[in-house]
Enquirer: 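I have a structure I would like to understand better, so I am pasting it below and will then ask my questions one at a time.
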Amino acid sequence: MSKSVVNQSSEPELDLLTPMLNHADAGWTASFQGLKLRTALQPIFSISHKRIIGYEALIRAFDTDNASVLPLHLFQLPTSDPEDVLLDRLCRYLHIQNFATLDDDVNWLFLNVSPRVVATGRRHDSFFGQLLSRIGFPPHRIVVEIVEQPTDDAEQLRDTVNYYKQLGCLTAIDDFGAGHSNFERIWNLAPDIVKLDRQILTRATNDKRARQILNGIVSLLHQSGCLVLLEGVETREQAMIAIDGGVDFVQGFYFRRPGLELADVTRTASDLDALLNDYKKNSETELDPTYELSRYFRDRFQQATESIRAGITFASACRPLTRHHTVSRCYLIDDKGVQTEDTLRSDNMIECFDPRFRPLENTHNADWFRQHYLRQALNQPNRLQVTRPYLSVTGAYMCVTLSQAFQHDDTTKVLCCDIISR
């Protein structure tokens, strides 16, 4: 038998919501326009910690026949801004009430906030601080998720985000990488966590170039001071992409679907040990092809550097390299990064060069000091270095650069070789 929560709140915002909540053996529920609302939780895992570090709260609605109602239809029911705000508050009230009853006093609860609530600002959402105080739930265990959206009042949005921070909550930007996402919003709002949109992962699954973009976005977000969560992980391959991309947290059907039996969800186990062990085994070949490249070209580089030391012409010394069908060019630079020989282009790769980028082909006296492959080679002389794929400025194609520093006539030289990355 359900019983209504006794209305003892002195705050008018809570006075309206409290009678809409009910408690039963299965947990707290809420009533809204004839529907019964329940909390579902989906675990969020830290890859490094290999365990759950939080849960996203999701609303589930049921009609009088206990048939499921799509969340999309639920959120279409409000016909005015006040009703929309009321539903948003009711969901958060329900989620916190349910989460507070669980045997977990450490992990985070991720809560979505309606865009309209965010847009209306601090005054309109002041009830949230009252709610946390009323239930006695620590603000530092709440992560407020804000969906990226266009807004005419960036100042108001920043003020609202600061309100949640002042309460002691963490903040997260949701669905980054879709719609109106941009780094300016990251810099302005300084969220603690950024949730990458699942479409980024979908593209990275089907396109290796998109995978490199994913890795780059994660790196930039880390440099901006944000932890990164990748949602929508549905397959083992996508879990491996998440691990390789350097994200901090993962969420998705592969690990656990959202569940209404909340106590069971908190006992979810995921074998991240097995995933990480497989990643380590595969990193030398599948996820990190640099190992195979290094092993294959090591002897050829050694032969080329010895030939250069012996006084053989640069073109002749590099012939074992330029003959290889994957090599696009070879070049020699000094320890200051300045190219000392004309670039040797492979005849096998002529078709790969786009005539539109011909102004970039002449590299006489070019300065490559800023390139990471030069610094890697100089830091570890006589050892072959291999980069990750990147866009070559000499032809606007994706390549991998092999580089090795060696001594020649009392000076340091760096032999470089670009390989087309397909």
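Note: hydrogens, waters and symmetry copies are ignored here, and every other heavy atom, side chains too, is used.
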Enquirer: Does NZ or CZ of Arg329 come closer than 6.0 Å to the centre of the six-membered ring of Tyr331, within 45° of the ring's axis?
Expert: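 That pair qualifies as a cation-pi contact.
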
Enquirer: Under a 4.5 Å cut-off applied to non-hydrogen side-chain atoms, are Asp264 and Thr266 in contact?
Expert: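 They are not in side-chain contact.
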
Enquirer: So does Gln76 have more than 12 non-hydrogen atoms from other groups sitting under 6.0 Å from CD?
Expert: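 Yes.
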
Enquirer: Using ring pair (Phe, Tyr, Trp, His ring centres under 6.0 Å) as the criterion, list what pairs up with Phe32, not counting sequence neighbours.
Expert: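 For Phe32, no residue satisfies ring pair (Phe, Tyr, Trp, His ring centres under 6.0 Å) once neighbours in sequence are set aside.
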
Enquirer: Less than 4.5 Å apart, any side-chain heavy atom of Ile44 and any of Asn107?
Expert: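 A side-chain contact under 4.5 Å is absent here.
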
Enquirer: If the condition is ring pair (Phe, Tyr, Trp, His ring centres under 6.0 Å), which residues does Phe110 pass it with, not counting sequence neighbours?
Expert: none

Enquirer: Please table the atom pairs, donor to acceptor, closer than 3.5 Å between any side-chain atom in residues 221-232 and protein atoms at least two apart or in another chain.
Expert:
unit_1: His222; atom_1: NE2; unit_2: Asp248; atom_2: OD2; d: 2.8
unit_1: Gln223; atom_1: NE2; unit_2: Ser219; atom_2: OG; d: 3.2
unit_1: Ser224; atom_1: OG; unit_2: Leu220; atom_2: O; d: 2.9

Enquirer: Under the salt bridge (charged side-chain N to carboxylate O under 4.0 Å, His left out) test, which residues partner Arg370, sequence neighbours left out?
Expert: none

Enquirer: Rounded to the nearest 0.5 Å, what's the gap from CG on Leu131 to OG1 on Thr18? Could you check?
Expert: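 Reported value, rounded in 0.5 Å steps: 8.5 Å.
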
Enquirer: Under the rule for salt bridge (charged side-chain N to carboxylate O under 4.0 Å, His left out), what residues qualify as partners of Arg236, not counting sequence neighbours?
Expert: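 Residues passing salt bridge (charged side-chain N to carboxylate O under 4.0 Å, His left out) with Arg236: Asp278.
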
Enquirer: Could you list the residues that satisfy ring pair (Phe, Tyr, Trp, His ring centres under 6.0 Å) with Tyr390, not counting sequence neighbours?
Expert: His372

Enquirer: What is the minimum heavy-atom distance between Leu90 and Ser31, and which atoms define it?
Expert: CD2-O, 3.7 Å

Enquirer: Regarding Lys336 and Asp334, does a basic nitrogen lie under 4.0 Å from an acidic carboxylate oxygen?
Expert: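 No.
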
Enquirer: Report the distance from atom OG1 of Thr401 to atom CD of Gln376, rounding to the nearest 0.5 Å.
Expert: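 Taking OG1 in Thr401 and CD in Gln376, the distance rounds to 10.0 Å.
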
Enquirer: Please report the interatomic distance CD(Gln385) to OG(Ser294), rounded to the nearest 0.5 Å.
Expert: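 One finds 8.0 Å between CD of Gln385 and OG of Ser294.
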
Enquirer: Any side-chain donor paired with an acceptor under 3.5 Å for Glu56 and Asn112?
Expert: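 Glu56 vs Asn112: donor-acceptor pair found between side chains.
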
Enquirer: Do Leu102 and Tyr55 have side chains that approach each other closer than 4.5 Å (heavy atoms only, starting at C-beta)?
Expert: no

Enquirer: Above 12 or not: heavy atoms from other molecules or residues under 6.0 Å from CZ of Arg203?
Expert: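 It does not: Arg203 CZ has 12 such atoms or fewer within range.
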
Enquirer: What is the minimum heavy-atom distance between Ile186 and Val194, and which atoms define it?
Expert: CD1-CG2, 3.6 Å

Enquirer: Grab the two heavy atoms, one from Leu109 and one from Ala57, that are nearest each other, plus how far apart they are.
Expert: CD1-CB, 3.8 Å

Enquirer: Return yes if a side-chain donor-acceptor contact under 3.5 Å exists between Tyr254 and Ser270, otherwise no.
Expert: no

Enquirer: Only pairs at least two apart or in different chains count here, so list each side-chain hydrogen bond (donor to acceptor under 3.5 Å, both in side chains) that has a residue in residues 57-71.
Expert: none

Enquirer: State which residues pass side chain to side chain contact (heavy atoms under 4.5 Å, CB included) with Pro138; sequence neighbours excluded, sorted by chain then number.
Expert: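 Pro138: side chain to side chain contact (heavy atoms under 4.5 Å, CB included) contacts with His140, Arg141.
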
Enquirer: Looking at residues at least two apart in the chain, or sitting in another chain, which of them share a salt bridge (charged side-chain N to carboxylate O under 4.0 Å, His left out) with Lys50?
Expert: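 Partners of Lys50 by the salt bridge (charged side-chain N to carboxylate O under 4.0 Å, His left out) criterion, ordered by chain and then number, come out as Asp273.
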
Enquirer: For the residue pair Ala30 and Leu21, what are the closest heavy atoms and their distance?
Expert: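 Reported closest heavy-atom pair: CB-CD1, 4.2 Å.
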
Enquirer: Between Ser392 and Thr394, do the side chains contain a donor N or O and an acceptor N or O under 3.5 Å apart?
Expert: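 Their side chains do contain a donor-acceptor pair, which is all the 3.5 Å distance test asks for.
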
Enquirer: First locate atom CD1 of Ile96, then atom CG of Leu132, and finally report the distance between them rounded to the nearest 0.5 Å.
Expert: 5.0 Å

Enquirer: Name all residues meeting the side chain to side chain contact (heavy atoms under 4.5 Å, CB included) criterion together with Asp367; count only those two or more places apart in sequence or in a different chain, and write none if there are none.
Expert: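 So Asp367 forms a side chain to side chain contact (heavy atoms under 4.5 Å, CB included) with Val338, Phe369.
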
Enquirer: Show me the donor-acceptor pairs, under 3.5 Å and distance only, between side chains in residues 34-43 and residues at least two apart or in other chains.
Expert:
unit_1: Thr39; atom_1: OG1; unit_2: His95; atom_2: ND1; d: 2.8
unit_1: Thr39; atom_1: OG1; unit_2: Asn98; atom_2: ND2; d: 3.0
unit_1: Gln42; atom_1: OE1; unit_2: Gln251; atom_2: NE2; d: 3.0
unit_1: Gln42; atom_1: NE2; unit_2: Arg256; atom_2: O; d: 2.9

Enquirer: Among all residues two or more places apart in sequence or in another chain, which pass the salt bridge (charged side-chain N to carboxylate O under 4.0 Å, His left out) test with Arg298?
Expert: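 Salt bridge (charged side-chain N to carboxylate O under 4.0 Å, His left out) list for Arg298, sorted by chain: empty.
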
Enquirer: What pair of heavy atoms forms the shortest contact from Val327 to Cys417, and how long is it?
Expert: CG1-SG, 3.5 Å

Enquirer: Shortest non-hydrogen contact from Val143 to Thr171?
Expert: CG1-C, 4.3 Å

Enquirer: Rounded to the nearest 0.5 Å, what separation is found between the OG1 atom of Thr343 and the NE2 atom of His364?
Expert: 10.5 Å

